[in-house]
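Working notes, structure below.
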Protein chains: 2
Amino acid sequence: MNREALKGHLDLLILSVLADGPLHGYAVIDELRTRSGEVFDLAEGTVYPVLHRLEVAGHLSSEWGEVGGRRRRSYRLTRAGSARLEQQRASWQLFSASVNTVLRRKPWPSTP
Amino acid sequence: MNREALKGHLDLLILSVLADGPLHGYAVIDELRTRSGEVFDLAEGTVYPVLHRLEVAGHLSSEWGEVGGRRRRSYRLTRAGSARLEQQRASWQLFSASVNTVLRRKPWPSTP
DNA sequence: GGCTACGCCTCGTAACGCTAGGTGTAAAGA
DNA sequence: TCTTTACACCTAGCGTTACGAGGCGTAGCC
């Protein structure tokens, strides 16, 4: 898979897994890996900055907790985050449909 | 549409339109805009460097010509370019399918 | 004569994902 | 006991990329 393929689509993926309930960062990575069938195996250095960015943007809210002696920061979608997710979904639909259209186009059949 | 959405997918699109026959740079832009229903309206500063990069990589070959007093550089897919296209296609299929899988996943239905 | 479309080019910038490095706890294995 | 692995967080810097802005030149139209 292309190294840059995720660019511009990562927010969508992360918002998407968080739409099914709050998760902490590490769990987001796990969830994405599992759901995608090991295709998306994201580095921590990839995911954490995104979570921070989304929180600053108001699309996520976070809450510190502790489980089994380990600090965790749990993220949940805000109302704005849900709206953002829907918008990103639509954006993805348009994008992928357009790519597929370009890909499917074949040259004119020979008309003898 | 996301500003970065194209990243990592642009080569695929360009190789794809060139698979249906040689085109010069300006025509590539036109073709992509038309095929995508105006969705992909790429800047020249985006496309020309990609064509150069793909040529250096051996995926395209170019030929200068003149039509109506205007210089044109026509690009055509090499054999390596065709192989690259197929590989990129497969890559896109995997990527988009994986994104869709992540998007479609819903929380477990309540089992009362 | 000026504007638009055609047709090519390059430099600089911003944004992004990721590598590499760091901190710390808990559990499992040697 | 010591070390490794998994969990869980963080950040600075790097490389790639698409794109904006600018430049060069021709043809055709108003």
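Bear in mind that the values here come from a model prediction, so they are computed numbers and not experimental data. In what follows, chains carry the letters A, B, and so on, assigned in the order in which the sequence lines appear, proteins first and then strands, with residues in each chain numbered from 1.
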How would you label the contact of [X] with the nucleic acid (heavy atoms, under 4.0 Å): base, sugar-phosphate, or nothing?
{"X": "B:Gly25", "value": "sugar-phosphate"}
{"X": "A:Ala43", "value": "base"}
{"X": "B:Gly69", "value": "sugar-phosphate"}

**Q.** Pairing string, 5' to 3', for DNA chain D - Watson-Crick or wobble contacts under 3.5 Å, brackets [ ] where pairs cross, | to another strand
**A.** ||||||||||||||||||||||||||||||
To the nearest Å, give me how far apart [atom1] ([X]) and [atom2] ([N]) are.
{"X": "B:Leu6", "N": "D:dT17", "atom1": "CG", "atom2": "P", "answer": "13 Å"}
{"X": "B:Ile29", "N": "D:dC19", "atom1": "CD1", "atom2": "P", "answer": "11 Å"}
{"X": "A:Asp11", "N": "C:dA15", "atom1": "CG", "atom2": "P", "answer": "13 Å"}

(Q) Quick check: any donor-acceptor pair below 3.5 Å linking the side-chain of A:Arg70 to the base of D:dC7? (A) yes
Q) Is the backbone of B:Val102 close enough, under 3.5 Å, to the side chain of A:Arg35 for a donor and an acceptor to pair up by distance? A) yes
Q) Do any N or O atoms from the side chain of B:Thr78 and from the backbone of B:Gly58 form a donor-acceptor pair under 3.5 angstrom? A) yes
Q. If we ignore angles and hydrogens, is there a donor and acceptor under 3.5 Å between the side chains of A:Asn100 and B:Trp92?
A. yes
Q) So does A:His9 get a side-chain nitrogen or oxygen closer than 4.0 Å to the phosphate oxygens (OP1/OP2) of C:dC16? A) no
Q.
Tell me whether the side-chain N/O atoms of A:Thr46 come closer than 4.0 Å to OP1 or OP2 in C:dG17.
A. no
